[in-house]
Amino acid sequence: MTATASIEFGTSRIDYDVKYSSRRKNLSIAVHPNKKVEVLAPPGLSQEEIQGALRRKAGWVKERLDWFEQMSQLAVDREYVSGETFLYLGRQYRLKIVYGTKRSPVKLRGKFFEVTLPQSMPEQDRREAVRRAMWRWYRAHAREKIREIVEHYSARLGIEPPEFRVKYQAKRWGSCSQGRCAEHQSAHNHGSAEPDRVCGGA
């Protein structure tokens, strides 16, 4: 049995599907790459209890939805030229490519992602160089963001922060069940971060 409903979170509306299963004992929430939110629940759980759980996890769900939107921007066939827009934490930034004597890491300056390439780099190599630089930046910042989240929830749960990995993965999703949240993401052939993180149960 499947039902569809929604909740309001700030200025956003979160639509979700509820699937009931007699094999489940606890409620779990999953956020899929296509930005579909799915709640898996035992048959006896009321709509009020399900909505209450969604409201408690609404911040986490919205973060995952924003992240998948961000990753989908990188998954499309891009030119990686100045003026293209990229998402980071729900905000849009334009790509700005500058040329200097040597390559330097990506910098987020105001409303721009700034990528510096050597002036001597052959034109046919520039697109791939920018693409790789952007992915390195996203991967590094994902690692720092996830570390903060892991430490925050570990302190709340009174446990030692678990280890996590950042690696390439062919699939991506976010899920949250009692006592644990896991997030996996990629952008098809481009690859991205796969962080596992722990948070409070539903």
Side-chain angles (χ1 to χ4, degrees), residues 9-12 31-37 59-153 161-175 181-199:
F9 179 67
T11 58
S12 303
V31 183
H32 297 281
N34 60 1
K35 291 171 280 185
K36 177 182 177 181
V37 180
W60 178 84
V61 171
K62 185 63 167 60
E63 285 180 3
R64 303 287 68 70
L65 292 171
D66 287 346
W67 178 260
F68 287 135
E69 176 63 25
Q70 175 179 310
M71 288 296 101
S72 70
Q73 296 293 312
L74 286 176
V76 300
D77 188 15
R78 289 184 168 275
E79 293 297 322
Y80 291 95
V81 296
S82 290
E84 278 191 298
T85 58
F86 291 81
L87 286 175
Y88 178 58
L89 300 180
R91 295 173 180 255
Q92 286 192 338
Y93 298 88
R94 289 191 177 278
L95 178 62
K96 182 180 180 181
I97 301 173
V98 298
Y99 297 92
T101 56
K102 62 181 180 179
R103 186 182 309 186
S104 66
V106 176
K107 294 181 176 62
L108 189 59
R109 297 182 187 275
K111 296 181 179 180
F112 293 91
F113 277 113
E114 186 176 292
V115 180
T116 301
L117 299 179
Q119 186 71 49
S120 59
M121 178 177 286
E123 188 171 349
Q124 65 268 23
D125 296 336
R126 292 175 182 178
R127 180 180 182 274
E128 180 63 15
V130 174
R131 186 189 72 81
R132 289 179 178 274
M134 289 296 292
W135 274 111
R136 282 194 296 269
W137 190 93
Y138 273 109
R139 199 160 53 240
H141 283 73
R143 187 182 293 113
E144 290 304 312
K145 182 70 174 177
I146 293 156
R147 181 178 290 110
E148 293 175 8
I149 293 169
V150 168
E151 291 175 354
H152 170 75
Y153 282 107
E163 294 183 0
F164 66 89
R165 294 178 298 167
V166 177
K167 67 178 185 178
Y168 291 114
Q169 186 73 10
K171 296 182 180 179
R172 56 184 175 155
W173 66 89
S175 63
C181 290
E183 173 190 340
H184 313 272
Q185 63 267 20
S186 77
H188 307 294
N189 294 332
H190 295 298
S192 70
E194 178 204 283
D196 290 333
R197 80 181 195 187
V198 176
C199 71

*Could you list the residues that satisfy side-chain contact (heavy atoms from CB on, under 4.5 Å) with E148, not counting sequence neighbours?*
K145
Run the side-chain donor-acceptor check on residues 96-113: report pairs under 3.5 Å with partners two or more places apart or on a different chain.
unit_1, atom_1, unit_2, atom_2, d
S104, OG, T116, OG1, 3.3
R109, NE, E114, OE1, 3.4
R109, NE, E114, OE2, 3.2

*Kindly indicate whether the side chain of E128, heavy atoms from C-beta on, has any atom under 4.5 Å from the side chain of R131.*
yes
_side-chain contact (heavy atoms from CB on, under 4.5 Å) involving H141 - partner list, sequence neighbours excluded_ = Y88, W137
*Taking the side chain from R126 and the backbone from Y80, do they hold a donor-acceptor pair closer than 3.5 Å?*
no
*For the atom pair CZ (R78) and OG1 (T85), what is the distance rounded to the nearest 0.5 Å?*
5.5 Å
*Provide the closest heavy-atom pair for L65 versus K35 in the form atom of the first, atom of the second, distance.*
CD2-O, 3.6 Å
*Quick one: salt bridge (Lys or Arg N to Asp or Glu O under 4.0 Å) partners of E123, sequence neighbours excluded?*
none
_Taking the side chain as everything from C-beta on, heavy atoms only, tell me whether E79 gets closer than 4.5 Å to E84._
yes
_Distance check, rounded to the nearest 0.5 Å: Q119 atom CD versus L117 atom CG?_
9.5 Å
